[in-house]
Amino acid sequence: NDLNATVFYCQLLLRSCKKDTVYCLLLFVFLLALVLAYVGKTMSGAYMNSLFTQLERQFNIPASLLGIMNGSFEIGNLLLIAFVSYFGAKLHRPRIIALGCTTMSFGCLLISIPHFLFGRYHIESSISQQENFSVMPLCLVNHSLFSLPTEEPSTDCEKKPGSLLWIFVMVGNIVRGMGETPIMPLGISYLEDFAKAENSPFYLGCLHTATVVGPFLGLLLASFCAELFVDLGSVDAEDITITSTDARWVGAWWLGMLICASLNLLAGIPFWFLPRSLLKEGETNESVETSKKSVVPLQENDKNEAKQTVYEIAKGKLYCIFFPSSFRSLRCELFYMLFICVTVIQFNAFNAMFSFMPKYVEQQFGKSASDAIFLIGVYNLPVVCVGYFFGGLFMKKFKINIYQAAKIAFWVSLLEYLLYFGTYWTICDTSPVAGLTTSYEGIEQVSYAESTLLADCNRDCDCPFKIWDPVCGNNGITYVSPCLAGCKSSRGAGKNMVFENCTCVAASGFSSQNISATLGRCDGEENCEKMLHYFLILSLVCSFIFSLAAMPGYMVLIRYSKMPEEKSFGVGIHGLASRVLAGIPSPIYFGALIDTTCLKWGTMTCGGEGACRIYDIVTYRWLYLGLPAILRGVSYIPSAVILLILRKKLKSETQVLLNAPVEMQDKEQEALK
């Protein structure tokens, strides 16, 4: 664990080794550094995706802007992907990776800067401070001494930093995407160039393991930071009147970003000191010198042929894409277009669903952001890793061909899709909110209008509508504020404050001498905890089954064409289309659709509209579960066509193999004659 001791022992090893062994050790150091870089980039990515609800509340922005933040990472990735793919292999690859890690670290640091510029987080509350005392948000009919907080903006608002600080987060995410670009392609190509063919799968397996360990650590870190209040160390715990389950709670999201920045910076340090090239594992200096002498006279010719080949392939592919009628092999091009179509549609569904999964668990089951992130990470990530492993092992064990792999991917994915519909029954009713999801008399009704917040029990209280400061009445109904609950007195302080003589609680038919309300929303139904575990278990099963189909499906794309140029072209276009047509737009339009289900928007300090505090959970549920289901259902149409194409290709290849011996016999007889 001591870095200095590790460096010292490494130096002793290097001095005692032969030159060829030193190259092997350097390759091992490169592998360890690359694994750490993979952990850093995936950890920061998972952490960033899990803190969007925190950012929504911190900056008082709608979910559609969260989608833009989410998609900004893919924008940064696309800005450099072509440059890195073309020029990366010609430059010093380890130093380019080191530069990428440093850039990612700077992006994470840039994301955390708004916290230090924003100042202390203002918790939206109906309690207003006037000089040395607080004005309680009570229903004071014909009050004259104090006045409740108005909805007019304060003159001091212009001096305070606004919510535009979220732009720092978006720019930081773009920078983080730019920094991540060279790590995977240059790292894998470096390993492939200098590793033995039999060792390469093991090295790639280490990297894939890191892509699972990183997100798991990122989600654990996000869960820990979300439980801490955003103004960590500057606010006393007694002064915080809300809990982590409150819609106004903001965790210490900036703390995790600083940790991710430190890890990415640390991961890039070893790459600065690694050489540009190494000896291939198992080779000696003498064999390399001999091969160099035989290769040098042919280098110029190979370069010209390579340039011509790349030019012809690119020209042919672009011509086929824009002029479909002139496809040389319509069946081949149709396969790639259909496969990309399936990927884009399914990636739209999964990316939108997983981006807003923590928010859904918070709203549907009444969990805190910390608990939602932790449960999602624990239930989903480990089984995905196991599913990938067994999917690849199954293909290796039984030597699955391309058509069998496509059938496995199709039917296993379809099985998971049918099980997915079970999530529609894992629901629970959240606590009713007077004027929004139920009337003041306790009759269930959903209203998007502010006028329904008024009733006979609070009409004379002169209450503000826009402020969200919920209280839970003894009757189990949540009220938007103590004033709208008709409460006329209070006792206690902080989280223990109790409001009494609440006329609206009595108006609901609740018969009790103690007609009071406490701070915070009421708890949901008793079966919410049980339904949450059903939802998570079903999510676990679906994730495992779908991950089993992921590896066979990806191998179909790689193995369809036997030409290396077409393989690389197909994989490249596949990744590009996934980012441009799914990774960027899906969280944006999905977030905008979620905004349409908002029942009550929060209020900013200056009186503007803030983040959403409560959603129409029924509409939200059908939107969150229904839209991905529709998209995935549509994707099975081109998937079925792909199966037919592969089946026809398999039959034609089989027929060629059957006819080959007969043709050879005829040629032999002609030769004998």
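Counting begins at 1 with the first residue of the sequence. Note that the structure is a prediction, hence the values are computed from the model and not measured.
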Asker: Measure across G119 and D231 and return the closest heavy-atom pair with its distance rounded to 0.1 Å.
Answerer: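 Minimum heavy-atom contact is O-OD1, 4.1 Å.
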Asker: Between L221 and C260, is the side chain to side chain contact (heavy atoms under 4.5 Å, CB included) condition met? List the steps.
Answerer: CA-CA 10 Å; L221 178 64; C260 291; 4.3 Å; yes
Asker: Is a side-chain donor or acceptor of Y624 paired with a backbone partner of M353 at a separation under 3.5 angstrom?
Answerer: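 Side chain of Y624 to backbone of M353, a donor-acceptor pair under 3.5 Å: yes, one is there.
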Asker: If you measure from CG on L548 to CZ on F389, what distance do you get to the nearest 0.5 Å?
Answerer: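 Those atoms lie 12.0 Å apart.
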Asker: For a side chain to side chain contact (heavy atoms under 4.5 Å, CB included) check, start with the C-alpha distance between T102 and L265, then their side-chain angles and the critical distance, and finish with the verdict.
Answerer: CA-CA 5 Å; T102 307; L265 184 64; 4.2 Å; yes
Asker: Mind listing the closest non-hydrogen atom pair of F271 and L34 along with its distance?
Answerer: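 Minimum heavy-atom separation between F271 and L34: CZ-N, 3.5 Å.
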Asker: Begin with the C-alpha distance, continue with both residues' side-chain angles, and end with the deciding distance and a verdict on side-chain hydrogen bond (donor to acceptor under 3.5 Å, both in side chains) for D371 and S368.
Answerer: CA-CA 5 Å; D371 291 340; S368 65; 3.3 Å; yes
Asker: Report yes if the side chains of S413 and Q346 come closer than 4.5 Å at any heavy-atom pair, otherwise no.
Answerer: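 Answer yes - side chains close enough.
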Asker: Centres of the F229 and W249 rings: under 6.0 Å?
Answerer: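 Yes, close enough.
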Asker: Are K367 and E362 close enough for a salt bridge, meaning some N to O gap below 4.0 Å?
Answerer: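 Judged by the 4.0 Å cut-off on N to carboxylate O distance, K367 and E362 do not form a salt bridge.
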Asker: Can you name the closest pair of heavy atoms from I373 and L219 and give their distance?
Answerer: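 Residues I373 and L219, closest heavy atoms: CG2-O, 3.3 Å.
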Asker: For side-chain hydrogen bond (donor to acceptor under 3.5 Å, both in side chains), just list the numbers for N173 and S72, CA-CA rounded to whole Å, side-chain angles, deciding distance to a tenth of an Å, and then say yes or no.
Answerer: CA-CA 6 Å; N173 212 25; S72 62; 3.3 Å; yes
Asker: I'd like to know whether the aromatic ring centres of Y190 and F194 sit less than 6.0 Å apart in this structure.
Answerer: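 Distance test on ring centres: under 6.0 Å, yes.
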Asker: Please examine the side chains of M48 and V169, heavy atoms only from C-beta on, and report whether any two atoms are closer than 4.5 Å.
Answerer: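 With C-beta onward as the side chain, the pair touches.
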Asker: Distance-only, no hydrogens or angles: does the S112 side chain make a donor-acceptor pair with backbone N or O of L109 under 3.5 Å?
Answerer: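 At least one qualifying donor-acceptor pair exists.
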Asker: Quick check against the 3.5 Å criterion: does N348 have a side-chain atom that pairs as donor or acceptor with the backbone of V344?
Answerer: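 Judged by distance alone, yes, a pair lies under 3.5 Å.
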Asker: Side chains of L65 and E56: closer than 4.5 Å at any heavy-atom pair?
Answerer: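 Not touching, per the 4.5 Å side-chain cut-off.
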Asker: Is any side-chain heavy atom of F30 closer than 4.5 Å to a side-chain heavy atom of I97?
Answerer: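 Sidechains of I97 and F30: in contact.
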Asker: I'd like to know whether CE of M357 has more than 12 heavy-atom contacts from other residues, nucleotides or ligands below 6.0 angstrom.
Answerer: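 Counting neighbours around CE of M357, more than 12 heavy atoms of other residues, nucleotides or ligands fall under 6.0 Å, so yes.
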Asker: CD of Q364 to OG1 of T423: how many Å apart, nearest 0.5 Å?
Answerer: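 Here the interatomic distance stands at 10.5 Å.
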Asker: H115 vs W254 aromatic rings, parallel, tilted or perpendicular, using cut-offs 30° and 60°?
Answerer: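 Taking W254 first and then H115, their aromatic rings lie parallel (interplane angle under 30°).
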Asker: Assess whether side-chain hydrogen bond (donor to acceptor under 3.5 Å, both in side chains) is satisfied between S189 and R93, documenting all intermediate values.
Answerer: CA-CA 9 Å; S189 65; R93 284 177 286 184; 3.2 Å; yes
Asker: Is a side-chain N or O of Y388 found less than 3.5 angstrom from the main chain of V383, in a donor-acceptor match?
Answerer: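 Pair absent, no side-chain N/O of Y388 close to backbone of V383.
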Asker: Quick check: closest heavy atoms across N351 and G583, and the distance to 0.1 Å?
Answerer: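 Closest approach of N351 to G583: ND2-O, 3.5 Å.
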Asker: First locate atom CG of L191, then atom CG of L207, and finally report the distance between them rounded to the nearest 0.5 Å.
Answerer: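 L191 atom CG to L207 atom CG measures 6.0 Å (nearest 0.5 Å).
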Asker: With a 4.5 Å cut-off on side-chain heavy atoms, are L55 and F52 touching?
Answerer: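 Touching, per the 4.5 Å side-chain cut-off.
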Asker: Is it true that the side chains of S370 and S223 contain a donor and an acceptor less than 3.5 Å apart?
Answerer: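 Note: S370 and S223 side chains meet the donor-acceptor criterion.
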Asker: With rounding to the nearest 0.5 Å, note down the distance linking NZ in K359 to CD1 in I594.
Answerer: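 Going from NZ on K359 over to CD1 on I594, the span is 7.0 Å.
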Asker: When you compare the side chain of P628 with that of F350, does any pair of heavy atoms fall below 4.5 Å?
Answerer: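 No, too far: nothing below the 4.5 Å cut-off.
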Asker: Taking F535's backbone N and O only, do any of them form a donor-acceptor pair with S539's side chain (distance below 3.5 Å, no angle check)?
Answerer: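 No, the answer is negative, given that no donor and acceptor are paired below the 3.5 Å cut-off.
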Asker: Shortest non-hydrogen contact from P587 to G71?
Answerer: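 Smallest heavy-atom distance, with atoms named: CG-N, 4.2 Å.
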Asker: Closest approach of N380 and L540, non-hydrogen atoms and distance?
Answerer: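 So the minimum-distance heavy-atom pair works out to OD1-N, 4.3 Å.
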Asker: Return yes when atom OH of Y379 has more than 12 non-hydrogen atoms of other residues, nucleotides or ligands closer than 6.0 Å, and no otherwise.
Answerer: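 Yes.
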Asker: Output the distance between atom CG (L581) and atom CD1 (I340), rounded to the nearest 0.5 Å.
Answerer: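 Between L581 CG and I340 CD1, I get 9.0 Å after rounding to 0.5 Å.
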Asker: With a 4.5 Å limit on heavy-atom distance, are the side chains of L110 and I113 in contact?
Answerer: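 With C-beta onward as the side chain, the pair touches.
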Asker: Flag yes if more than 12 heavy atoms outside Y417 fall under 6.0 Å of its OH atom; otherwise flag no.
Answerer: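 Yes, because the 6.0 Å sphere around OH of Y417 holds more than 12 heavy atoms from other groups.
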Asker: Give a yes or no answer on whether the side chain of N49 reaches the backbone of G45 with a donor-acceptor pair at less than 3.5 Å.
Answerer: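 At least one qualifying donor-acceptor pair exists.
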Asker: Whether the side chain of T103 engages the backbone of G179 through a donor-acceptor N/O pair (distance < 3.5 Å, no angle test) should be reported.
Answerer: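 Not a single qualifying donor-acceptor pair exists.
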Asker: Please check: side-chain N/O of S635 versus main-chain N/O of R632, any donor-acceptor pairing under 3.5 Å?
Answerer: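 The answer is yes, because a donor-acceptor pair under 3.5 Å joins these two groups.
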Asker: Starting at CZ of F356, measure out to CD of Q363 and round the result to the nearest 0.5 Å.
Answerer: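 One gets 12.5 Å once the value is rounded to the nearest 0.5 Å.
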Asker: Is the backbone of A352 close enough, under 3.5 Å, to the side chain of S355 for a donor and an acceptor to pair up by distance?
Answerer: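 Checking the backbone N and O of A352 against the side chain of S355, no donor-acceptor pair under 3.5 Å is found.
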Asker: Counting N and O atoms only, with roles assigned by atom type, does the side chain of E74 sit under 3.5 Å from a partner on the main chain of I584, one being a donor and the other an acceptor?
Answerer: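 Not confirmed, E74 side chain does not pair with I584 backbone.
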Asker: V230 vs Q54, test: side chain to side chain contact (heavy atoms under 4.5 Å, CB included). Steps then yes/no.
Answerer: CA-CA 9 Å; V230 61; Q54 312 291 313; over 6 Å; no
Asker: Is it the case that over 12 heavy atoms from other parts of the model lie below 6.0 angstrom from the CZ atom of F374?
Answerer: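 For F374, atom CZ is not crowded (no more than 12 foreign heavy atoms under 6.0 Å).
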Asker: Run the side chain to side chain contact (heavy atoms under 4.5 Å, CB included) test on L165 and F59 for me, step by step, so that the C-alpha distance in whole Å, both residues' side-chain angles and the decisive distance to 0.1 Å come before the verdict.
Answerer: CA-CA 7 Å; L165 287 174; F59 302 115; 3.9 Å; yes
Asker: Given side chains that start at C-beta, do those of E180 and F73 come closer than 4.5 Å, heavy atoms only?
Answerer: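 They are in side-chain contact.
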Asker: Count the heavy atoms of every other residue, nucleotide or ligand shown that sit under 6.0 Å from OH of Y121, and state whether that count exceeds 12.
Answerer: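 Counting neighbours around OH of Y121, more than 12 heavy atoms of other residues, nucleotides or ligands fall under 6.0 Å, so yes.
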